[in-house]
There are 2 protein chains.
Amino acid sequence: MKTLNRKDEILIVAAKLFKEKGYSAVTMRDLATDMHIKAASLYNHIESKQAILKEIILSISEQFTEGMERIIKLDASSIEKLKKVIRLHVKITSRNTNGMASLNNDWMHLGDQLEYYKKLRYNYEDNFRQIIQNGIDSNEIKNEKLDVLLFSMLSTLRSLYIWIPKKEDINIEELSDSLSEILITGINK
Amino acid sequence: MKTLNRKDEILIVAAKLFKEKGYSAVTMRDLATDMHIKAASLYNHIESKQAILKEIILSISEQFTEGMERIIKLDASSIEKLKKVIRLHVKITSRNTNGMASLNNDWMHLGDQLEYYKKLRYNYEDNFRQIIQNGIDSNEIKNEKLDVLLFSMLSTLRSLYIWIPKKEDINIEELSDSLSEILITGINK
DNA sequence: AACCAAAACTAACAATTGTTAGTCTAACTT
DNA sequence: AAGTTAGACTAACAATTGTTAGTTTTGGTT
């Protein structure tokens with residue numbers, strides 16, 4: 001395990017603040033106060049406020065991209081793949097709930113890197129859609145409106161960052177299984 | 001239908017901007033530019049920036065509260081009530097997608113009215129949970145983890161504001177039915 | 001034509017913003 | 001002991017922020 005350097009500490013504290021108030025409402029002085037240093041000292045470790053956001057969001061985005069690419073290569077049924085996607089979200093989110101808030105709510109402030117982020121996001125959604133479409137084609141999944149299906153699953157998975165921190169001792173396996181049951185099998189008796 | 005006065009126009013334009021960049025990143029000069037007036041002129045119609053946010057968020061919150069109170073009084077099955085809640089979300093959201101963005105992402109900047117908002121929100125969730133719980137008790141709904149169930153449905157419904165504007169000509173009835181099918185019946189074949 | 005209210009304007013303010021330059025300090029390495 | 005460096009500091013900047021005060025313009029009603 002890499003030891004935490006000063007820059008990583010800043011990223012962690014920043015993500016916490018960004019979650020609480022949003023990127024734009026957090027000042028460099030707020031961040032400095034929570035780091036117990038002065039604002040100017042932050043610049044010994046980071047280039048700019050925007051660069052902090054960039055690192056938080058893109059590192060997570062790339063984890064999703066890698067995870068998804070691993071899953072679509074698998075030789076498995078569509079339902080199995082969907083379950084793996086669900087687990088991917090639970091795993092990444094539970095490891096970094098604060099960063100997920102920035103990814104969901106502050107991506108529009110990325111500046112330079114905005115287009116790159118949007119590309120990653122679009123590709124991810126497209127792979128997700130493809131898995132569902134394959135499931136419909138192979139008769140594993142109900143032929144419900146594809147877009148509504150995708151939207152519903154993504155909404156739930158993307159909101160996990162709000163919900164996970166509220167539950168004490170989340171078990172990743174258990175939560176993934178519950179979500180699979182609800183998202184895939186439904187709630188009707 | 002009440003005619004649109006200048007203040008309402010400001011609220012509409014503000015909601016659009018708040019959705020695009022978030023409340024904190026929108027300046028009064030941004031808002032004024034889009035209204036084709038100067039920033040100072042805004043204050044002939046509104047008291048403050050925060051008051052704009054307050055009106056946007058609370059008016060929607062109260063629509064949800066009223067709708068929910070109507071539904072829980074109904075003499076209907078839990079599944080029927082859930083379907084009505086889904087329709088309530090689709091209806092309110094499609095009427096005001098921009099405002100829903102503020103409600104979801106900028107409630108923490110409400111200041112004075114923050115506690116009132118949180119109370120409305122908490123009560124709403126509690127009524128929602130109660131409907132599901134009743135459904136489990138009466139054997140209409142699978143005894144899945146209650147909290148995960150509630151979280152999953154709420155996440156999807158709260159994210160509608162992102163998704164609805166992307167679809168051309170949404171039919172409220174049709175979308176509500178699709179969502180009911182997916183959220184309640186599941187996707188498994 | 002005179003009047004009035006609504007709604008625009010100009011000018012300015014005090015506070016806050018992200019960031020830079022230059023300096024000091026404490027802790028390792030030699 | 002001397003030297004080096006990471007990481008803190010103070011001071012300041014130019015730009016931007018929400019907002020106020022006071023004035024002018026506009027369009028409708030008498």
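Every value quoted in this text rests on a predicted model; they were computed, and no experiment measured them. Naming convention: chains lettered A, B, ... in sequence-line order (proteins, then strands); numbering from 1 in each chain.
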DNA chain C: B:L42 or A:R29, which has the more 5' nearest nucleotide? B:L42
Mind calculating the distance between CE (A:M35) and C1' (D:dC9) to the nearest angstrom? 15 Å
Please pick, from D:dG18, D:dC9, C:dA8, the nucleotide with the shortest atom-to-atom distance to any side-chain atom of B:M28. D:dG18
Residues A:E66 and A:R70 bridged, charged N to O under 4.0 Å: no
Quick one: does A:N44 reach the base of D:dA6 with a side-chain donor-acceptor pair under 3.5 Å? no
Separation of atom CG in B:L31 from atom P in D:dT17, rounded to whole Å: 13 Å
Report the nucleotide, chosen from C:dA11, D:dA8, C:dA8, that has the shortest atom-to-atom distance to any side-chain atom of A:I37. D:dA8
Of all the choices, C:dT19, D:dA21, D:dT10, which nucleotide is nearest to the side chain of A:Y43 once you look at every atom? C:dT19
Closer to the 5' end of DNA chain D via nearest nucleotide, is it B:I46 or A:H45? A:H45
Just checking A:S41: base, sugar-phosphate only, or nothing, at a heavy-atom cut-off of under 4.0 Å? base
Exam field: side chain A:K83 to backbone A:S176, donor-acceptor pair closer than 3.5 Å: no
A:K54 NZ to C:dG18 C1', straight-line distance once rounded to whole Å: 17 Å
Tell me whether the NZ or CZ atom of A:K54 lies within the 45° cone about the ring axis of A:Y117 and under 6.0 Å from its centre. no
Among D:dT10, C:dC9, C:dA8, which nucleotide has an atom closest to any side-chain atom of B:R6? C:dA8
Starting the side chain at C-beta, find the nucleotide from C:dC9, D:dG18, C:dT20 nearest to B:K49. D:dG18
Is it true that B:D30 and B:K21 have a side-chain N and a carboxylate O under 4.0 angstrom from each other? yes
Rounded off to whole Å, could you give me the NZ-to-P distance for the A:K21 and C:dT16 pair? 12 Å
